[in-house]
Amino acid sequence: MNTLLKKPAVKRQPRPAVSRGERRHVPKELPRGIARALNALASRVLYVAWAQGLLWLVAALCGLVILQGALDWLFDLPRLVRLLFAIADLAILGFILFRFGVRPWHRRLTPDEAALYAERHWPELRTGLISAVQLARKPNGSETIVKALLEKMAGNVAKLDLRLAVPWKQLTKLVCLTFILAGAAGGLIAVLAPKSLILLQRMALANVPLPTETIVAAVSRDFSIPVGQTIEISAKAVGVIPRSGRVEVTYEGRKPEMVTVTAKASSPDVFSLQIANVQQPLTYRFYLNDGRGESWKVALLHPPAVREIKFEVTPPAYTGMPPAQLSAGSLTLLAGSKLKLTGKATQALKGARVVLTGKEFSLEMKPEGAGRKDFSAQVAVPTEGLDGLWIELRNELDIVSQNNTVYAVQVLPDKPPEIEFANGQLEKASLVAEQKPRLRFDVRDDFTIQQIVLCVQQTNTLGEGEEPNPAKATQIPIPMSQPAAGVTLDFEWKEPGKNVDWREGNTFTYWIKAVDNNDVTGPGICHSPPRVWSVVSLQTKREELAEQLRKHAESIKDLSGAQENLRNQIGDILK
């Protein structure tokens with residue numbers, strides 16, 4: 001291949017140093033016959049090189065078409081592989097074009113090199129031709145002798161066809177190879193048409209399927225799903241429709257698996273496969289009859305999750321308690337508190353919300369921070385119904401968080417005050433009109449008692465079956481030294497006649513009402529069990545006291561008799 005372009009290895013005569021640019025031009029003093037012969041020889045060398053390059057281009061192109069068409073038919077080359085082949089093809093063809101086209105043009109023979117080329121083919125010229133060229137460029141010696149030498153060499157050259165120094169016969173083998181490859185490529189294309197035309201389109205990177213009897217058309221392609229979702233992959237058979245087909249499923253990091261698929265009952269030409277609970281990325285490819293579909297990918301989209309979360313509770317102001325940090329496992333909250341939660345997600349968020357279980361209520365949260373991964377919310381703790389909460393996150397691809405942690409919440413209500421009467425306080429007491437009612441009792445609360453009131457209602461004026469009505473009761477404030485969580489009171493109602501009809505024969509139902517300082521979910525109000533005061537005459541009171549003394553005496557007598565019997569029994573046991 002390279003013999004036609006080799007420079008002649010003839011020993012050159014010493015000549016004056018000149019540049020290649022100067023040597024490329026034919027000297028004006030050189031006889032016209034010699035100049036034309038040398039130019040014809042140089043052109044013949046260039047044309048032979050170009051012909052050789054053209055033959056190599058055709059042979060290489062036909063060979064690449066046959067090779068890559070066969071590989072594509074056998075292995076259904078992906079588009080990326082076909083692209084790499086196309087780049088390699090261009091590189092090979094470009095190298096041939098440069099090697100046999102561009103470089104021979106840049107290195108075409110100068111008159112000196114053409115003279116040496118001719119002298120190599122016709123040794124009888126010896127060194128006369130090259131000497132003539134050099135002397136014509138720069139005469140050295142007698143002008144008459146130089147002219148005579150040039151005329152003599154012109155006569156010798158006129159008898160020769162210098163182009164014969166470049167034989168075309170050396171291209172014979174390359175021409176045969178080119179015709180064989182071109183014939184094979186053309187014959188295959190003609191015999192296999194139209195399948196061969198489709199293979200040529202695929203070599204040109206067209207996105208068309210292989211020309212099989214059954215063409216696999218994609219129904220599902222590349223797609224992405226959240227982890228754990230069930231997917232359905234499917235393809236359509238065009239042409240010869242088989243009864244069943246296969247799907248090659250390849251999970252990341254595992255060997256391919258072949259799964260048999262059948263056509264859908266509703267669409268006999270559509271074949272599908274369901275894959276449940278996908279936990280790894282995978283690729284899949286349908287094989288229907290002799291058709292092979294493209295490889296498609298199923299990527300996994302991981303849902304966002306809570307990376308960290310903090311809870312801070314601010315109790316109601318009436319409690320006097322400061323804000324406190326709570327752990328996620330012990331969310332015990334007082335009704336009326338404010339629960340502030342702050343957290344960070346694993347991904348950038350499009351939205352988020354906190355869902356209150358039991359209340360069936362949700363509160364939207366806006367993503368915060370530079371990376372849109374932070375979220376926060378403040379929840380008012382209700383008096384009842386709230387038993388937990390969980391955080392739902394949504395990333396920028398609208399994928400919602402899965403298996404969200406439910407944080408249990410226990411709501412403690414603010415208990416109302418408790419009232420306890422001191423020992424000796426009768427539930428039904430009789431008083432003379434001159435007596436001042438006296439009450440001894442204790443009041444306790446979780447936080448602070450704000451008010452204590454004595455409620456009194458005259459009951460002997462009520463109708464039959466009518467109960468005392470707190471709304472109609474007379475309320476007498478019981479003074480406290482200051483609000484406190486617990487107080488012990490000894491209250492004497494000094495002037496009952498100013499508030500009620502306190503006279504002999506009347507009866508009154510009374511109770512104690514205590515009010516705490518809960519101004520958020522309250523106030524908490526407690527009523528003691530009702531008790532009765534009866535206003536009686538002095539004689540009735542004396543008789544009542546006498547009866548009480550008699551009962552006490554009888555009880556003492558009975559006790560004394562019991563003690564005497566006990567002593568007798570002990571004595572009998574000792575005997």
Side-chain angles (χ1 to χ4, degrees), residues 306 308-343 352-366 368 374-393 404-421 441-453 455 470-471 473 475 477-478 480 482-489 511-530:
V306 177
E308 61 181 49
I309 190 167
K310 296 179 181 178
F311 295 95
E312 181 182 77
V313 62
T314 301
Y318 73 85
T319 64
M321 299 170 62
Q325 298 288 336
L326 298 179
S327 67
S330 59
L331 297 181
T332 301
L333 310 172
L334 179 66
S337 301
K338 300 292 185 182
L339 179 64
K340 181 180 181 181
L341 60 92
T342 56
R353 62 175 184 149
V354 54
V355 181
L356 308 181
T357 61
K359 296 293 290 184
E360 304 303 329
F361 174 77
S362 63
L363 183 65
E364 295 293 331
M365 298 183 288
K366 291 184 178 180
E368 303 171 349
D374 300 333
F375 57 88
S376 63
Q378 183 166 284
V379 179
V381 181
T383 55
E384 59 182 12
L386 177 62
D387 53 24
L389 59 89
W390 51 277
I391 310 299
E392 181 186 85
L393 305 177
N404 300 298
T405 301
V406 178
Y407 303 97
V409 176
Q410 182 181 4
V411 179
L412 300 178
D414 180 20
K415 296 179 180 180
E418 296 180 355
I419 302 172
E420 183 179 1
F421 283 96
F441 57 92
D442 294 329
V443 183
R444 299 287 181 267
D445 187 64
D446 295 339
F447 299 102
T448 302
I449 302 166
Q450 190 70 26
Q451 183 184 26
I452 301 176
V453 177
C455 301
Q475 300 190 9
I478 300 177
M480 294 186 300
Q482 62 181 6
V487 293
T488 300
L489 295 175
W511 61 91
I512 305 296
K513 181 176 76 171
V515 182
D516 64 16
N517 66 335
N518 183 352
D519 57 356
V520 178
T521 61
I525 300 175
C526 173
H527 295 268
S528 68

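Given the structure is predicted, the values throughout are model-derived calculations rather than measurements.
- Atom CD of E420 has 12 or fewer neighbouring heavy atoms from other residues, nucleotides or ligands inside a 6.0 Å radius.
- In this structure, the separation between CD on Q325 and CZ on F311 is 11.0 Å, given to the nearest 0.5 Å.
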* Asked: Under the side chain to side chain contact (heavy atoms under 4.5 Å, CB included) criterion, do I452 and M480 qualify, and how do the steps go?
  -> CA-CA 8 Å; I452 301 176; M480 294 186 300; 3.5 Å; yes
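- T448 places no side-chain N or O within donor-acceptor distance of the main-chain N or O of P483, the cut-off being under 3.5 Å.
- From L389, atom CG reaches atom OG of S362 across 12.0 Å, with rounding to the nearest 0.5 Å.
- Closest approach of A514 to V443, counting heavy atoms only: CB-CG1, 3.8 Å.
- Side-chain contact between S528 and F441 is absent, with no heavy atoms from C-beta onward closer than 4.5 Å.
- Of all the heavy atoms in A473 and C455, the pair that sits closest is CB-CB, 4.3 Å.
- Environment of CD in E384: sparse, with no more than 12 heavy atoms of neighbouring residues, nucleotides or ligands closer than 6.0 Å.
- Ion pairing of R353 with E392 is present here, as a side-chain N (NZ or NE/NH1/NH2) and a carboxylate O approach within less than 4.0 Å.
- Taking CD of Q378 as the start and CG of L341 as the end, the distance is 9.5 Å to the nearest 0.5 Å.
- The shortest heavy-atom contact between A352 and L393 is CB-CD2, 3.7 Å.
- Side-chain contact between D516 and F447 is absent, with no heavy atoms from C-beta onward closer than 4.5 Å.
- Between atom CG of residue L334 and atom CE of residue M321 there is a gap of 7.5 Å, rounded to the nearest 0.5 Å.
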* For V306 and T405, what are the C-alpha separation, side-chain angles and deciding distance, and is it a side chain to side chain contact (heavy atoms under 4.5 Å, CB included)? -> CA-CA 9 Å; V306 177; T405 301; over 6 Å; no
* Check against side chain to side chain contact (heavy atoms under 4.5 Å, CB included), L326 and L333 -> CA-CA 10 Å; L326 298 179; L333 310 172; 3.4 Å; yes
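- Within the model, atoms OH of Y318 and CG of D414 stand 3.5 Å from one another, a figure rounded to the nearest 0.5 Å.
- To the nearest 0.5 Å, the span separating CD1 on I449 from CD1 on I419 amounts to 8.5 Å.
- Pairing each heavy atom of W511 with each of P470, the nearest pair is CZ2-CA, 3.7 Å.
- One N or O on the side chain of R444 and one on the backbone of V487 form a donor-acceptor pair closer than 3.5 Å.
- For the pair I512 and I478, the minimum side-chain heavy-atom distance is below 4.5 Å.
- Closest approach of V354 and A377 over heavy atoms only: CG1-CB, 4.2 Å.
- Looking only at side-chain heavy atoms (C-beta outward), E368 and S376 come within less than 4.5 Å of each other.
- In terms of heavy-atom proximity, P315 sits nearest to T319 at CB-OG1, 3.5 Å.
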